[in-house]
Amino acid sequence: MAKKNVAAAAKKKAVEAKVQKKVLLKTEDDYEPVNRWWDKEDGAASGKKGAKKWDTFEHHGLMFAPDYESHGIPIKYNGQEIKLPVDCEELATYWTSVKGTDYETKEIFIKNFWDAFLAKIKKTDLKDTITDFEKCDFSKIADWRASEREKRNNRSKEEKAAEKEVNDKETAWYSHGLVDGIREKLGAYRMEPPQLFRGRGEHPKQGMFKKRTLPESCTINIGLDAPVPRPFGVPGHAWKDVVHENHVQWIASFEDGVLGETKYVSFAATTGLKGQPDMLKYDRARRLLKKVEDIRSSYERLQKGKNIVDKQKATATYFIDKLALRVGGEKDTEEAADTVGCCSLRVEHVQLENTPEHPFTIHLDFLGKDSIRFKNSVTVTEQVYNNISDFTKGKKPTEQLFDKVSPPVVNEYFKEFMEDLTAKVFRTYNASYTLQKELAKFDIKKKDRISQDELVKFYNDANRQVAILCNHQKAVSKTHDASMQKMKEQKMSLKKQYEAHKAHLKWLENPDLSKKPKNSDDMKLPKDAETCRRKIVEIKLRIEKHSTSMKDKEDNKLVSLGTSKVNYMDPRITVAWCKKVDLAIERVFPRTVRTKFPWAMHAPSKYLFD
DNA sequence: CGCCCGACTTAGTATCAGAAGC
DNA sequence: GCTTCTGATACTAAGTCGGGCG
């Protein structure tokens with residue numbers, strides 16, 4: 001009987017293992033897609049911009065944000081409780097959602113929110129009652145929100161699972177489209193819910209109300225023969241338009257509820273529709289490698305010339321090439337934050353220094369994309385130094401440094417060397433080149449003596465060099481200091497253990513000669529010398545590992561590695577290096593990255609640039 | 001030829017779930 | 001078993017660039 005039970009249990013285990021394996025395989029399938037577009041005859045050809053994307057095309061349209069549900073919680077005005085009309089309450093509720101963020105205290109944000117809120121108030125009986133932001137107290141709504149969140153977090157496992165199932169069922173209807181009969185995952189098919197606009201930096205429109213998107217501002221793109229989806233969940237509404245454009249990659253476009261710009265709903269990064277152009281991008285960077293010497297000698301020559309446009313564009317190109325600056329198009333400061341790139345640099349953003357300590361040095365300090373600060377000092381050639389000095393002469397700080405050039409001028413110049421070369425290719429090229437250069441520093445002779453953790457560290461260091469080059473930053477996490485402190489304490493404790501074990505070992509080896517060390521922390525110490533020795537090695541390893549991860553954390557405090565991984569570094573370089581050093585790709589490429597680059601996952605073991 | 005717009009890539013952050021630590 | 005940490009992902013803002021248009 002007992003035997004039978006054992007056998008049954010074993011069988012059950014085997015089945016479980018099988019099921020488990022199936023689940024795992026399913027995950028792996030994500031980057032072993034059925035549609036191996038990169039293996040096909042026309043390969044990446046259809047990834048070209050403007051190329052035909054499909055013959056038949058079907059999808060279920062867009063998922064609209066749920067209606068606002070009134071909670072009926074009042075605000076306090078001048079200490080007095082006031083229940084707001086629903087549309088005012090809605091705005092007040094969105095205001096409380098920025099509680100705890102920087103927006104809460106930003107003047108522009110508050111002003112824009114208040115203008116929007118007051119505009120609604122003015123249409124009600126409260127127009128003479130509510131007039132002053134300072135007298136408003138939204139904390140009751142904020143508290144309600146907090147308690148709702150608490151409730152949500154405290155849901156039982158079963159509740160969460162049940163909710164997830166309902167959710168998955170609902171989204172499954174929308175989540176994929178059929179492109180030439182192949183089921184492809186979509187990107188963000190959920191319409192942006194109404195909220196207060198969170199523009200970055202000193203965006204003049206931050207805090208404005210971003211209106212709900214209704215079908216009337218959405219255009220659907222779908223196959224000519226496919227059934228046109230209805231705008232579900234918003235009865236009585238109709239699409240603005242239905243088109244059948246097969247030379248674009250979007251399934252729907254809509255007008256943004258605050259900026260009025262057109263936004264697109266497209267496919268997920270894992271699909272061929274996104275993957276094909278992406279692969280071509282890295283090939284472009286690869287071709288740039290073959291031309292870059294020509295380009296460099298060209299711009300060095302033009303820097304010396306008489307023609308002011310040539311001189312400026314050649315000097316600007318130097319920055320794009322050496323500092324990986326973005327090209328920097330013109331921006332309307334009424335509509336957007338004041339940020340710049342190479343061509344839009346102003347005199348106030350550069351400072352020149354030519355001293356024995358810092359010969360031919362240019363100090364750059366400006367806000368780039370997303371209002372991320374670029375602060376860097378570089379030693380340049382004498383020629384570039386003199387040119388910059390020239391370009392600043394007689395100009396006010398707010399005037400453009402390269403006043404004679406603009407992105408089209410620079411990009412047209414690049415066309416002389418390569419038909420599809422533009423400024424941004426330099427970033428891709430420089431990022432990939434830097435990664436390869438850094439990884440190549442690895443001494444392959446050390447391969448067998450180095451741990452996987454150390455290999456990962458080495459890779460991350462290379463990755464970090466790229467991120468620094470591209471100026472990819474992130475905010476310091478709110479818990480950074482606290483967790484750093486904690487790690488320091490852990491390190492101390494490990495060191496203490498190490499010392500104690502060492503002293504203990506000494507005593508174990510020579511119980512007669514040495515005094516038994518006192519065990520102040522009631523540590524559990526081994527009974528025999530052999531175990532103690534093993535333990536010492538183990539603790540030492542733990543200390544090393546701990547220190548490495550501490551250093552990694554500190555080094556990555558402000559640097560974001562993800563952006564370069566996903567957008568800049570040719571994945572084939574990473575795959576090739578991992579093969580060479582016997583490191584599992586999973587250690588350096590998270591699943592999201594692996595699924596984005598299925599075409600690179602089996603790249604040959606050679607470097608991109610050889 | 002300059003400007004605007006359509007389409008697409010690149011970017012940082014909020015949020016959530018599962019893993020790891022206590 | 002509860003809490004904290006971490007990585008994945010969802011979200012949406014903000015760039016680039018080519019082409020069309022006046």
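Here is how names work: the chains are called A, B, and so on, in the same order as the sequence lines, proteins then strands, and each is numbered from 1. Keep in mind that the numbers below use all heavy atoms, side chains included, and drop hydrogens, waters and symmetry copies. Bear in mind the structure is a predicted one, so any value in this text is a computation, not a measurement.
The salt bridge (charged side-chain N to carboxylate O under 4.0 Å, His left out) search around A/Glu202 returns A/Lys106, not counting sequence neighbours. A search for side-chain hydrogen bond (donor to acceptor under 3.5 Å, both in side chains) contacts involving A/Asp555 returns A/Lys551, not counting sequence neighbours. Remark: A/Arg284 pairs with no residue by the salt bridge (charged side-chain N to carboxylate O under 4.0 Å, His left out) rule, at least two apart or across chains. Remark: A/Glu192 engages A/Lys210, A/Lys263 in a salt bridge (charged side-chain N to carboxylate O under 4.0 Å, His left out) (not counting sequence neighbours). Residues that satisfy the side chain to side chain contact (heavy atoms under 4.5 Å, CB included) test with A/Leu186, not counting sequence neighbours, are A/Tyr189, A/Ile251, A/Phe267. Partners of A/Lys274 according to the salt bridge (charged side-chain N to carboxylate O under 4.0 Å, His left out) rule, which considers only residues two or more places apart in sequence or in another chain, do not exist here. With sequence neighbours left out, A/Arg183 forms a side chain to side chain contact (heavy atoms under 4.5 Å, CB included) with A/His176, A/Leu178.
Evaluation of the side-chain hydrogen bond (donor to acceptor under 3.5 Å, both in side chains) test over residues 331-342 of chain A, restricted to residues two or more places apart or in two chains, returns A/Lys205-A/Glu335, A/Lys331-A/Thr339, A/Asp338-A/Arg346.
With rounding to whole Å, A/Lys565 atom NZ is found 14 Å from C/dT9 atom P. Residue A/Tyr189 contributes atom OH, which lies 13 Å from atom P of C/dT12 at whole-angstrom precision. To the nearest angstrom, P of C/dG15 lies 10 Å from CG of A/Leu367. If you take CD of A/Glu261 and P of C/dT16, they are 14 Å apart, rounded to a whole angstrom. In this structure, A/Glu335 atom CD and C/dA13 atom P are separated by 14 Å, rounded to whole Å. Whole-Å rounding puts the A/Glu150 CD to C/dT3 P distance at 10 Å. Nucleotide C/dC5 holds its P atom 8 Å from the NZ atom of A/Lys553, rounded to whole Å. Look at CZ on A/Phe267: it is 16 Å from P on C/dA10, rounded to the nearest Å.
Note on A/Gly341: nothing from the nucleic acid sits closer than 4.0 angstrom, heavy atoms only. Residue A/Ala336 is classed as having no contact, given no heavy-atom separation below 4.0 Å to the nucleic acid. At a threshold of 4.0 angstrom between heavy atoms, the contacts of A/Lys478 with the nucleic acid are absent.
Of all nucleotides listed (C/dT6, C/dT12, C/dG15), C/dG15 comes nearest to the side chain of A/Lys331. Which of C/dA13, C/dA8, B/dA14 sits closest to the side chain of A/Thr101 comes down to B/dA14.
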Result block: side-chain N/O donor-acceptor pairs under 3.5 angstrom for residues 399-414 of chain A, not counting sequence neighbours:
unit_1   : atom_1 : unit_2   : atom_2 : d
A/Glu399 : OE2    : A/Lys396 : N      : 2.9
A/Gln400 : NE2    : A/Glu330 : OE2    : 3.4
A/Asp403 : OD1    : A/Gln312 : NE2    : 2.8
A/Asp403 : OD1    : A/Lys395 : NZ     : 2.9
A/Asn411 : OD1    : A/Ala423 : N      : 2.8
A/Asn411 : ND2    : A/Pro407 : O      : 3.4
A/Tyr413 : OH     : A/Ser298 : OG     : 2.6
A/Tyr413 : OH     : A/Tyr299 : N      : 3.4

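Ring planes of A/Trp599 and A/Tyr282: tilted class, angle from 30 to 60°.
In terms of position on DNA chain C, the residue among A/Leu421 and A/Asp256 whose nearest nucleotide sits closer to the 5' end is A/Asp256. Comparing A/Lys185 and A/Lys263 by the nucleotide of DNA chain C that holds the closest heavy atom to each, the one mapping nearer the 5' end is A/Lys185.
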**Prompt:** Could you write nucleotides 3-12 of chain B as a row of B, S and -, 5' to 3', where a protein heavy atom under 4.0 Å of any base atom gives B, of only sugar-phosphate atoms gives S, and otherwise -?
**Reply:** ---SBBBBSB

**Prompt:** Which letters describe nucleotides 15-22 of chain B, given B = protein heavy atom under 4.0 Å from base, S = only from sugar-phosphate, - = neither?
**Reply:** S------S

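Not one side-chain nitrogen or oxygen of A/Gln206 sits closer than 4.0 Å to the OP1 or OP2 atom of C/dA13. OP1 and OP2 of C/dA13 both lie 4.0 Å or more from every side-chain N or O belonging to A/Lys205.
Within residues 401-419 of chain A, the residues that place at least one heavy atom under 4.0 Å from DNA chain C are, in residue-number order, A/Asn411, A/Lys415.
Atom CE of A/Met550 is separated from atom CD of A/Glu554 by 8.0 Å, given to the nearest 0.5 angstrom.
In summary, A/Asp570 and A/Arg286 do not engage in a salt bridge, as defined by a charged side-chain N under 4.0 Å from a carboxylate O.
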